[in-house]
Amino acid sequence: MSQTIKAAIVGTGFIGPAHLEALRRIPNVEVIALVEVSQELADEKAKVLGIPNAYTFEAMLQQPEIDVVHICTPNFLHYPQAKAVLQAGKHVICEKPLAVKIDEAEDLVALAAEKGLVNAVHFNLRYYPMVRQMKTMREKGDLGEVYSVMGSYLQDWLFLQTDYNWRLEPDKSGDSRAIADIGSHLLDITEYVTGLKITEVMADFSTVHKTRLKPLKAIETYSGDKLEKSDYEEVPINTEDHATVLLRFDNGSKGSITVSQVNAGRKNRLNVEIAGSKSNFEFNSEKPNELWIGKRETANGVLMKDPGLFYPESAALVGFPGGHNEGFPDTSKQMFKEVYAAVREGSQPEKAPYPTFADGLRELIIGERIVESNKKQAWVKI
Ligand code: SOE
């Protein structure tokens, strides 16, 4: 591997540029290629984002100098694109969900293992330093035995009936929306922090807007309210805006999560409260530099982001010494630092510190069982 690792980014809607910015903050990594659905769009976006080469997907795969490919396209493209990247002998970082079908994700896990290539899923929210601090504190016994888990992931970018995005189209997003898109992060963090496994789910979905106004012009926006009425077509929606899920864990404890993309004022708020036999942890991603620690016999406390107060494992995720705020963009940088260390070694480590395709498969299985539970209105085992 040359000193500089060379990367390509496939798809430059919302999250692709976020991957680009994160990679530009990592030494000896260069994004040399941008991929879009057409050469024309790739050229246009590469110029705007300052990336030297623009390709269609197939052409990019032919470029031997590209070591790593980031897949930032709509969900239905993840499987075919990740498969082609692995078959081309390149390392791959794929946005969540890993695929829209369990058997596709299983195929990717097997192929990645066969090739020995580095494979990761962008569960970047694990990389808030406080999330790893909670995990490490639990591992070291500070939380005690897990009694219960509560969580929510709330947004409002699909609040209006005129808010529209490819995630609303099952053929592009899969048969779940809020659960697959943001519930996957919350479920991943729930198991990552507690070290528990979810064994059963009981889900109840609601679709607040039974129809939405789809802009007739292909515009990349989360809100169509800037167009005239005649610019829309009214389309039926059958995926969930909101989901409530009861959880059972393998230690016998219980939990619940709520996921919604129609909670006005909640811009991107992941919240977990994990009650243990020694203390209670509460984290809110809109205040990512604080961890509330609840006690019974002594005063409650708020751990502030200061690596000097952290275990080494979570201090390693702090980019700036002391209390300088770090947030969402920093999580991808910290994750990619760990993934690219493996790329520099040349293969997937036995126990990867970052979320792998196997974790992506795990979340897809849980997500599909949640969809099944909602349909049956019954408990479903994982
Ligand atoms: C939209 O819901 C979105 O961009 C998700 O796709 C990301 O995974 C999440 O981290 C932020 O919101």
Side-chain angles (χ1 to χ4, degrees), residues 9-22 70-78 82 93-100 120-131 151-160 163-170 172-174 176-190 192 205 207-209 212 220-224 237 239-243 257-272 283-288 326-336 339 354-355 359-360 362-364 366-367:
I9 291 183
V10 183
T12 50
F14 165 73
I15 206 70
H19 283 232
L20 171 65
E21 286 190 19
H70 290 240
I71 296 173
C72 302
T73 46
N75 302 349
F76 74 108
L77 291 171
H78 293 180
I93 295 171
C94 186
E95 265 299 328
K96 34 42 65 186
L98 177 59
V100 292
V121 174
H122 193 229
F123 286 127
N124 56 305
L125 305 189
R126 286 188 185 188
Y127 285 80
Y128 285 115
M130 289 302 182
V131 172
S152 64
Y153 197 156
L154 307 176
Q155 300 175 327
D156 71 359
W157 65 282
L158 287 174
F159 176 69
L160 300 171
D163 289 332
Y164 202 83
N165 179 268
W166 58 262
R167 289 173 179 80
L168 293 158
E169 298 171 9
K172 295 192 179 70
S173 179
S176 147
R177 183 203 342 139
I179 285 290
D181 185 31
I182 54 176
S184 53
H185 280 293
L186 180 55
L187 291 159
D188 174 67
I189 280 183
T190 302
Y192 174 71
F205 290 179
T207 303
V208 169
H209 295 299
R212 285 183 181 260
E220 178 53 42
T221 176
Y222 290 136
S223 167
I237 300 293
T239 51
E240 76 283 11
D241 291 312
H242 179 283
I257 61 166
T258 298
V259 174
S260 169
Q261 294 175 316
V262 291
N263 272 55
R266 297 298 192 198
K267 298 308 171 186
N268 190 42
R269 186 183 187 271
L270 178 142
N271 184 274
V272 283
F283 172 76
N284 165 8
S285 67
E286 290 184 343
K287 292 183 182 168
E326 292 183 78
F328 184 80
D330 302 291
T331 63
S332 298
K333 179 194 87 172
Q334 294 298 343
M335 175 177 162
F336 296 159
V339 178
Y354 48 81
D359 296 299
R362 171 76 186 159
E363 287 327 305
L364 193 61
I366 296 174

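All residue numbers refer to positions in the sequence shown, counting from 1. Order of appearance sets the numbers: ligands from 1, and atoms from 1 within every ligand.
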Minimum side-chain heavy-atom gap Y127-S332 below 4.5 Å: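 No, side chains not in contact.
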Contact check, side chains of V121 and L98, non-hydrogen atoms, under 4.5 Å: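 Yes, at least one pair of side-chain atoms sits under 4.5 Å.
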Where ligand 1 meets [X] - atom numbers and elements under 4.0 angstrom, heavy-atom basis:
X	answer
K96	5 (C), 6 (O), 7 (C), 8 (O)
I182	2 (O)
F14	4 (O)
Y153	9 (C), 10 (O), 11 (C)
F328	10 (O)
W157	1 (C), 2 (O)

Please verify whether a non-hydrogen atom of [X] lies at under 4.0 Å from ligand 1.
X	result
R167	yes
Q261	yes
N268	yes

Aromatic plane relationship, F336 with H19 - under 30° parallel, 30 to 60° tilted, over 60° perpendicular: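 Taking F336 first and then H19, their aromatic rings sit tilted (interplane angle of 30° to 60°).
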Geometric class of the Y128/F283 ring pair [parallel <30°, tilted 30-60°, perpendicular >60°]: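 Rings of F283 and Y128: tilted, as their planes differ by 30° to 60°.
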With Q261, the side-chain contact (heavy atoms from CB on, under 4.5 Å) member among L154, D241, I182: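 Among the candidates, only I182 passes.
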Nitrogen or oxygen atoms of E95 and ligand 1 under 3.5 Å apart: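 No, E95 has no N/O under 3.5 Å of an N/O on ligand 1.
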Backbone or side-chain N or O of N124 under 3.5 Å from ligand 1 N or O: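 Between N124 and ligand 1 (N or O atoms, distance only) the closest approach is not under 3.5 Å.
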Rounded distance [0.5 Å steps], CG in L186 versus CG in N271: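 Rounded to the nearest 0.5 Å, the CG-CG separation comes to 9.0 Å.
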Residue list, ring-ring contact (aromatic ring centres under 6.0 Å, His included) with F123, at least two apart or on another chain: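 Once residues adjacent in sequence are excluded, the partners of F123 under the ring-ring contact (aromatic ring centres under 6.0 Å, His included) criterion are H185.
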By side-chain hydrogen bond (donor to acceptor under 3.5 Å, both in side chains) - contacts of E326 (at least two apart):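 Counting only residues at least two positions away or on another chain, E326 forms a side-chain hydrogen bond (donor to acceptor under 3.5 Å, both in side chains) with K305.
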